[in-house]
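Reviewing the structure listed below.
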There are 2 protein chains.
Amino acid sequence: MSQTVDRALNILPLLAEGPADLGQVADRLGVHKSTALRLLRTLHEHGLVYRQSDQRYRLGARLFALAQEAVENLDVREIAHPHLVRLNESCGHTVHLAVHEEGEVLYIDKVDSRYPVRMYSRIGKPVAITVAAVAKLLLADLPDPERRAFAEKLDYPMYTARSTPSAPAFLRELDKVREQGWATDLGGHEESINCVAAPIRGADGRAVAAMSVSAPNVVVTEDELLTLLPLVRRTAEAISGEYSGRTPTTQSGSSSSSSS
Amino acid sequence: MSQTVDRALNILPLLAEGPADLGQVADRLGVHKSTALRLLRTLHEHGLVYRQSDQRYRLGARLFALAQEAVENLDVREIAHPHLVRLNESCGHTVHLAVHEEGEVLYIDKVDSRYPVRMYSRIGKPVAITVAAVAKLLLADLPDPERRAFAEKLDYPMYTARSTPSAPAFLRELDKVREQGWATDLGGHEESINCVAAPIRGADGRAVAAMSVSAPNVVVTEDELLTLLPLVRRTAEAISGEYSGRTPTTQSGSSSSSSS
DNA sequence: CAGAGCCATTGCATTCTCTGCAACAGCCAT
DNA sequence: ATGGCTGTTGCAGAGAATGCAATGGCTCTG
């Protein structure tokens with residue numbers, strides 16, 4: 001809608017691939033160097049772009065701050081977090097919280113007591129939408145025609161032999177998920193990883209988020225993981241209750257701490 | 001430099017404060033609603049802004065993805081990470097990695113084996129620049145006049161009684177830090193938290209990053225924490241060596257995994 | 001049920017901003 | 001020195017963004 005802004009914003013994903021100099025940016029944008037320069041300058045002033053010592057441009061620091069503020073403003077996350085922690089404490093497995101946004105499903109929170117390595121790297125990342133348990137729940141909740149249209153547009157990569165192979169299979173799966181009110185991913189994305197998920201619903205009954213517990217085969221079998229289903233569903237229910245205002249919000253939110 | 005882009009980008013921090021509707025955005029931007037609408041649309045198309053069900057706008061998902069890619073492209077981080085993990089394994093405390101960028105010092109990595117809660121929330125967040133050990137190291141490395149000018153412009157909030165109170169005190173501290181090649185933060189930000197930090201230097205000797213180990217008083221005393229100093233410095237040295245190409249980069253980088 | 005009021009949205013003419021060009025400056029390598 | 005490479009700036013023209021006013025959808029109210 002706005003050419004200038006459009007061009008400027010196209011620079012961001014471009015730089016996300018790696019640092020680039022003025023010429024490269026101008027070329028890939030299809031504009032004159034001077035134009036690219038001015039766009040980069042504006043981005044720079046806003047801190048979205050950083051100029052490193054070799055004069056090349058990189059994505060800047062403000063981007064982190066913005067992304068962080070964005071995630072902190074998601075009220076579902078705020079409410080859900082203590083529940084996720086509690087669930088994690090009682091079962092020990094990885095717990096995820098995800099939402100549906102603009103055709104993508106992405107993690108907005110995660111608690112993992114065992115593998116702290118690179119934990120943050122998953123938050124904000126779109127999930128494998130055709131296989132992830134949380135994705136199934138969120139998509140199953142869409143109105144019929146929309147769901148159908150969406151399923152048609154998807155790719156169905158075979159991450160493993162148990163991945164969802166096609167749109168019809170996916171739609172069948174969604175029907176089942178909607179029916180039973182919970183979902184699983186049994187090795188559909190990574191051979192050795194299973195998940196159980198339950199939806200979090202707002203006051204109007206629509207799924208606003210979904211949560212899941214994931215564990216590798218080597219720790220618990222599929223059957224053992226399914227044992228946790230009632231607990232997961234209860235947790236999701238508790239969050240739903242609080243989110244939709246039915247429950248008086250047990251205690252106040254968390255605080256923060258810090259260090260250097 | 002570019003009015004349109006400038007306006008569009010001003011929307012982002014505005015929305016970071018919380019969701020807003022078209023009218024509010026237009027007002028705070030000082031432009032006509034139709035203009036604001038078109039800007040928001042453009043941002044929307046790029047996924048930087050999300051329109052929630054009540055028609056109000058929020059920061060969008062793409063922001064996460066971008067911030068994530070940005071952080072993954074920071075090569076210091078890539079190289080440092082395994083070292084940080086190893087250090088964390090051997091001492092058990094929180095380990096941070098930070099860089100200096102555009103007048104801010106921010107964490108770009110963190111390993112924390114004990115408190116998985118909200119781990120990610122610290123990454124990308126600007127540190128308390130007047131007290132954090134990593135900030136002292138990075139600023140101590142600036143050329144004299146620049147350092148001086150920068151120190152003058154800072155605020156010196158008294159987080160605790162031991163916070164750096166003023167620019168002169170800060171500059172003295174930086175001199176000391178530069179002298180000794182390492183830094184501490186002893187309760188300067190949070191009464192009960194101490195840190196020890198060491199710089200990571202590139203081939204030209206300039207500090208490209210700094211790392212620290214932090215622990216609360218209740219776990220280890222100041223003196224005990226200082227015991228770790230040699231280990232921290234050795235780790236920083238190892239990372240420096242690898243980053244500047246002196247060391248043959250032990251093994252290859254990491255991979256990724258996933259779940260749902 | 002009608003009507004008022006609010007908000008988002010659109011078409012259009014005007015105007016102002018952005019664009020691309022060309023010239024300039026700094027840097028490195030030849 | 002000199003040529004080529006990069007980033008940078010001034011300028012005039014052109015195209016794009018702007019604000020206005022009018023429309024359409026919605027909810028709240030009488």
Side-chain angles (χ1 to χ4, degrees), chain A residues 1-15 17-60 73 101-102 143 145-146 202-206 244-245, chain B residues 1-15 17-60 101-102 143 146 202-204 206 245:
Chain A
M1 271 264 119
S2 166
Q3 190 190 57
T4 318
V5 178
D6 189 55
R7 284 175 174 170
L9 296 183
N10 277 325
I11 294 179
L12 298 178
L14 193 157
L15 289 184
E17 297 170 18
D21 63 27
L22 181 60
Q24 295 171 318
V25 173
D27 281 350
R28 297 209 29 194
L29 233 56
V31 300
H32 193 98
K33 276 191 305 184
S34 58
T35 305
L37 177 67
R38 284 180 281 245
L39 295 176
L40 281 164
R41 270 225 258 270
T42 316
L43 290 170
H44 180 94
E45 276 170 24
H46 286 261
L48 298 185
V49 148
Y50 173 64
R51 191 142 202 207
Q52 40 188 32
S53 47
D54 61 352
Q55 293 223 127
R56 292 192 305 166
Y57 295 91
R58 262 207 302 100
L59 291 182
N73 279 334
E101 183 174 325
E102 312 273 330
E146 208 176 316
D204 56 358
R206 299 241 319 141
S244 57
Chain B
M1 271 265 116
S2 166
Q3 191 191 57
T4 317
V5 179
D6 189 55
R7 285 175 174 171
L9 296 183
N10 276 326
I11 294 178
L12 298 179
L14 192 157
L15 289 184
E17 296 170 19
D21 63 26
L22 180 60
Q24 296 171 319
V25 173
D27 281 350
R28 297 206 34 191
L29 232 57
V31 299
H32 195 201
K33 278 190 303 185
S34 58
T35 305
L37 177 68
R38 283 180 284 247
L39 295 176
L40 281 164
R41 271 226 258 270
T42 319
L43 290 169
H44 181 97
E45 277 170 24
H46 287 261
L48 298 185
V49 148
Y50 173 62
R51 191 139 201 210
Q52 41 188 32
S53 46
D54 61 352
Q55 293 228 307
R56 291 192 306 166
Y57 295 91
R58 263 206 303 99
L59 291 182
E101 184 175 321
E102 312 270 331
E146 207 175 317
D204 56 358
R206 299 242 315 141

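Residue numbers begin at 1 in each chain, while the letters A, B, ... track the order of the sequences.
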Evaluation steps, side-chain contact (heavy atoms from CB on, under 4.5 Å), between L48(B) and L12(A) = CA-CA 11 Å; L48(B) 298 185; L12(A) 298 178; 4.1 Å; yes

For [N], does OP1 or OP2 lie under 4.0 Å from any side-chain N or O of [X]?
{"X": "R41(B)", "N": "dT10(C)", "answer": "yes"}
{"X": "R7(A)", "N": "dT19(C)", "answer": "yes"}
{"X": "T4(A)", "N": "dA17(D)", "answer": "yes"}
{"X": "H32(A)", "N": "dC21(C)", "answer": "yes"}
{"X": "S2(B)", "N": "dC18(C)", "answer": "yes"}
{"X": "S34(B)", "N": "dT10(C)", "answer": "no"}

Please pick, from [options], the nucleotide with the shortest atom-to-atom distance to any side-chain atom of [X].
{"X": "R51(B)", "options": "dT9(C), dT19(C), dG19(D)", "answer": "dT9(C)"}
{"X": "K33(A)", "options": "dA8(C), dT8(D), dT18(D)", "answer": "dT8(D)"}
{"X": "V31(B)", "options": "dT19(C), dG19(D), dT8(D)", "answer": "dG19(D)"}

Tell me: [atom1] of [X] to [atom2] of [N], nearest whole Å?
{"X": "D27(A)", "N": "dC5(D)", "atom1": "CG", "atom2": "C1'", "answer": "14 Å"}
{"X": "L37(A)", "N": "dC21(C)", "atom1": "CG", "atom2": "P", "answer": "16 Å"}
{"X": "H44(B)", "N": "dT9(C)", "atom1": "NE2", "atom2": "P", "answer": "10 Å"}
{"X": "L40(A)", "N": "dT9(D)", "atom1": "CG", "atom2": "P", "answer": "14 Å"}
{"X": "R56(B)", "N": "dC6(C)", "atom1": "CZ", "atom2": "P", "answer": "19 Å"}
{"X": "R38(A)", "N": "dC16(C)", "atom1": "CZ", "atom2": "C1'", "answer": "15 Å"}
{"X": "D21(B)", "N": "dC26(D)", "atom1": "CG", "atom2": "C1'", "answer": "14 Å"}
{"X": "L22(B)", "N": "dT18(D)", "atom1": "CG", "atom2": "P", "answer": "13 Å"}

Do the side chains of L15(B) and L43(B) get nearer than 4.5 Å, heavy atoms only?
-> no

Test item: side-chain donor near acceptor, T42(A) and R38(A), under 3.5 Å = no

Of L39(A) and Q55(B), the one whose closest DNA chain C nucleotide lies more 5' |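 Result of the comparison: Q55(B).
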
Has the side chain of D6(B) got a donor or acceptor atom that lies under 3.5 Å from a matching backbone atom of S2(B)?
-> no

Comparing Q24(A) and Q3(A) on DNA chain D - which has the more 5′ nearest nucleotide | Q24(A)

Intermediate values then yes/no, side-chain contact (heavy atoms from CB on, under 4.5 Å), V25(A) and L39(A) = CA-CA 10 Å; V25(A) 173; L39(A) 295 176; over 6 Å; no

